[in-house]
Each structure stands twice: as C-alpha cells, then as structure tokens.
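Just below is one structure, and these are the notes that go with it.
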Amino acid sequence: MAPSHLSRRTLLAAGGATAVALGAAAASPSAAVAQPADDPVGTPAEALRRLLAGNHRFTTGHGRHPHQGLDDLHRLAAGQHPFAITVGCADSRVAPEVLFDQGLGDLFDNRVAGTIVDDLLLGSVEFAVQEFGSLLIVVLGHERCGAITATIDAIHTGGTAPGHIGTIVDSLRPVVEPVLDEPGDPVENAVRANIAAQVRSLSARSPIIAEKVRQGALRVVGARYDLDNGRVSLVA
C-alpha cells in the first residue's frame, strides 16, 4: 500500500479547524509552533510505561491531570504530537485521558461500541501513525461491556438487535461465539477474546501498521479496564 500524502490540514480544513488553529496562534505567539508539554517519548516501550504509570497515579488517587488548561489548548492549536493511539469502546465510564492521567495532545482517541476495528477506524489509526508518528496503539476493552453482552444475548436467543445496533452484534459474533463454551464468565471471556482479535486485526489488515511494528517504531498492545477499581491490565 503506497504511503498517503494526505495532510492533516487537508482533512480538517472542511471543518474550519485550520482557521481555528491560525486564530489561536495569532492570539498567542507561543502557540505558533506546538511543542510537547512533557519530555518527549522516544520508544514504544517508553510510551507504554508512561501510560501504565499514569494509570497507577489514577488508581491511587495521585493523578497530576497534566496540561489540560486553555493555554495548553492554544499551544496545541498549531499542531498535535500524540505519543499513543487508543482504540477503545464507546462508554461514558472509560475515558482514556482520565484512566492514564494524560492531557490534551497526548492520546489520539478512537472509540466505537464493541472496540471494533472496521475500515473507517483503521483508516483513522493509520492516519495517526503516518501523520504524527505515534509510537503505541492500545486496544482498550473493559469489563461488563454492553456490546459484548448484547451479542451474547442475540446468540443465545436467536434474536436480532434493533436498528443499527445489529451491525455491532454482527461484527462481534465471529469473535464471541467461539468462546461461549469456555469455562468462566462468558462476558469476560468474550471481552478478552475481542481485545486479542482487534490487536491481531490492526497488523493483519494494515501494511502501514505492520511495517512500523517490523521496524520497531510502533507497538500494538491489548489492555482491559476494570470498572470497579480503575486498573488497566495488559491482555495481548
């Protein structure tokens, strides 16, 4: 697959983001060239350590809530440099910047119910890899996932989900169905199976991601978020 030459400015211009960025830079001279607020992250291993350290701060009540103010937003208007990409579930309880105690500009978030890597989401992830040189992709599932539960219910009852929710169920069914007879909690088993499946999908379907991983410039990991205590643990 040939590298894309589509720039960030081209993608965002239709939404007026370029005008916002230029206006913010004019209002604040220091925003003319955006710089990372923390020491730069140089390797995928460092990126993962930073996220896990941030999650530890969050779970122990020592969050720093870094660079989340209006000045930081002005600084980032001229350009972003997210060191990590998240692929997570659309859920009001799972906010990556909060879970990992990161700030504006640190994470390039992609969220969809069921943590499903479809073509649109894959393109979004590839864009971040190409445009920003992000070092880490985290596929973040969570316990008691509603999309997983709906899929299991549909399989057991033979029914269908209403509206476009059925699209989510149909996408998850091939991942969920094979693990339903395994010992343990079926929802938890399916959550973990789905995280692993989406991790595999990212590299298997994307030459861009696969090549960066081969070069050691990118790492793809799976993680699970515990709703009860806020802890993030690696899965795949």
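Bear in mind the structure is a predicted one, so any value in this text is a computation, not a measurement. Residue numbers run from 1 in the order of the sequence given.
- Checking side-chain atoms of R111 against main-chain N and O of C89 turns up a donor-acceptor pair under 3.5 Å.
- To the nearest 0.5 Å, atoms CG (D72) and CG (D106) are separated by 9.5 Å.
- The two residues A190 and I152 come nearest to each other via the heavy atoms CB-CD1, 4.4 Å.
- Side-chain atoms of D170 do not come within 3.5 Å of backbone N or O of T167 as any donor-acceptor pair.
- Side-chain atoms of Q198 and N194 include a donor-acceptor pair closer than 3.5 Å.
- For the pair D185 and R192, the salt-bridge criterion is not met [side-chain N within less than 4.0 Å of a carboxylate O].
- The closest side-chain heavy-atom distance from L122 to I209 is below 4.5 Å.
- In this structure the side chain of T86 never reaches within 4.5 angstrom of the side chain of N110, judged on heavy atoms.
- Summarising the geometry, atom NE2 belonging to H65 is positioned 9.0 Å from atom CZ belonging to F58; distances are rounded to the nearest 0.5 Å.
- Considering every non-hydrogen atom in both A147 and A113, the closest pair reads CB-C, 4.2 Å.
- Here F127 and F132 bring their ring centres to under 6.0 angstrom of each other.
- Note that R231 lies outside the cation-pi zone of Y225, set by a 6.0 Å cut-off to the ring centre and a 45° limit from the axis.
- Atom-to-atom distance recorded for I137:CD1 and I85:CD1 is 4.5 Å, nearest 0.5 angstrom.
- Taking both residues in full, the closest heavy atoms of V169 and A154 are given as CG1-CB, 3.9 Å, listed atom of the first, atom of the second, then distance.
- In terms of modelled atom types and a separation under 3.5 Å, the side chain of T157 and the main chain of G159 share a donor-acceptor contact.
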Inset, instruction - Please lay out, stage by stage, how V199 and V235 fare under the test side chain to side chain contact (heavy atoms under 4.5 Å, CB included). - result: CA-CA 10 Å; V199 167; V235 172; over 6 Å; no
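- With hydrogens and angles ignored, the 3.5 Å screen pairs a side-chain donor or acceptor of S134 with a backbone N or O of P82.
- Distance check, rounded to the nearest 0.5 Å: CD1 of I116 to OG of S171 gives 4.5 Å.
- Residues V187 and L172 share a single hydrophobic cluster, defined by chaining ILVMFWY side chains whose heavy atoms lie under 4.5 Å apart.
- Using a 4.0 Å cut-off between charged nitrogen and carboxylate oxygen, E188 and R224 count as a salt-bridge pair.
- The side chain to side chain donor-acceptor pair (under 3.5 Å) with R144 is formed by just one residue from the set D228, T149, D91; it is D228.
- H156 has its side chain within reach of L180: a pair of non-hydrogen atoms, C-beta onward, lies under 4.5 Å apart.
- Between T115 and the options I195, V139, I148, L140, a side chain to side chain contact (heavy atoms under 4.5 Å, CB included) holds for only V139.
- The main-chain N or O of P183 is found under 3.5 Å from a side-chain atom of N189 such that the two form a donor-acceptor pair.
- The two residues V179 and A193 make their nearest non-hydrogen contact at CG1-CB, 3.9 Å.
- Side-chain N or O atoms of D109 include none that pairs as donor or acceptor with a backbone N or O of A95 at under 3.5 Å.
- Distance CZ/F100 to CZ/R50: 13.5 Å, rounded to 0.5 Å.
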Inset, instruction - Would you please test V232 and V138 for side chain to side chain contact (heavy atoms under 4.5 Å, CB included) and show each step? - result: CA-CA 11 Å; V232 172; V138 180; 5.9 Å; no
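- In the hydrophobic cluster analysis, where Ile, Leu, Val, Met, Phe, Trp and Tyr join through side-chain heavy atoms closer than 4.5 angstrom, L52 is grouped together with L107.
- Q68 contributes a side-chain N or O that, together with a main-chain N or O of Q102, makes up a donor-acceptor pair within less than 3.5 Å.
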Legend entry - Residue pair L218, L135: steps toward the side chain to side chain contact (heavy atoms under 4.5 Å, CB included) verdict: CA-CA 5 Å; L218 178 69; L135 298 163; 5.5 Å; no
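- Side-chain contact check for Q215 and E211: at least one donor-acceptor pair (N or O, by modelled atom type) lies under 3.5 Å.
- Hydrophobic clustering of Ile, Leu, Val, Met, Phe, Trp and Tyr side chains at less than 4.5 Å, counting indirect connections, keeps V175 apart from V220.
- Side chains of Q80 and F108 form a contact here, defined as non-hydrogen atoms less than 4.5 Å apart.
- Using modelled atom types and a 3.5 Å distance limit, the side chains of H62 and D101 yield no donor-acceptor pair.
- Residues V213 and V117 share a single hydrophobic cluster, defined by chaining ILVMFWY side chains whose heavy atoms lie under 4.5 Å apart.
- The backbone N or O of H56 sits less than 3.5 Å from a side-chain atom of T59, completing a donor-acceptor pair.
- Of the charged side-chain nitrogens involved, at least one lies within less than 4.0 Å of a carboxylate oxygen, so that D119 and R205 count as a salt-bridged pair.
- Hydrophobic clustering (ILVMFWY, side-chain heavy atoms < 4.5 Å, transitive): L120 and V125 are in distinct clusters.
- Between H142 atom NE2 and L227 atom CG the span is 6.5 Å, to the nearest 0.5 Å.
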Inset, instruction - Any chance you could lay out the side chain to side chain contact (heavy atoms under 4.5 Å, CB included) test for R219 and V221, step after step, and finish with the verdict? - result: CA-CA 7 Å; R219 183 177 176 187; V221 302; 3.3 Å; yes
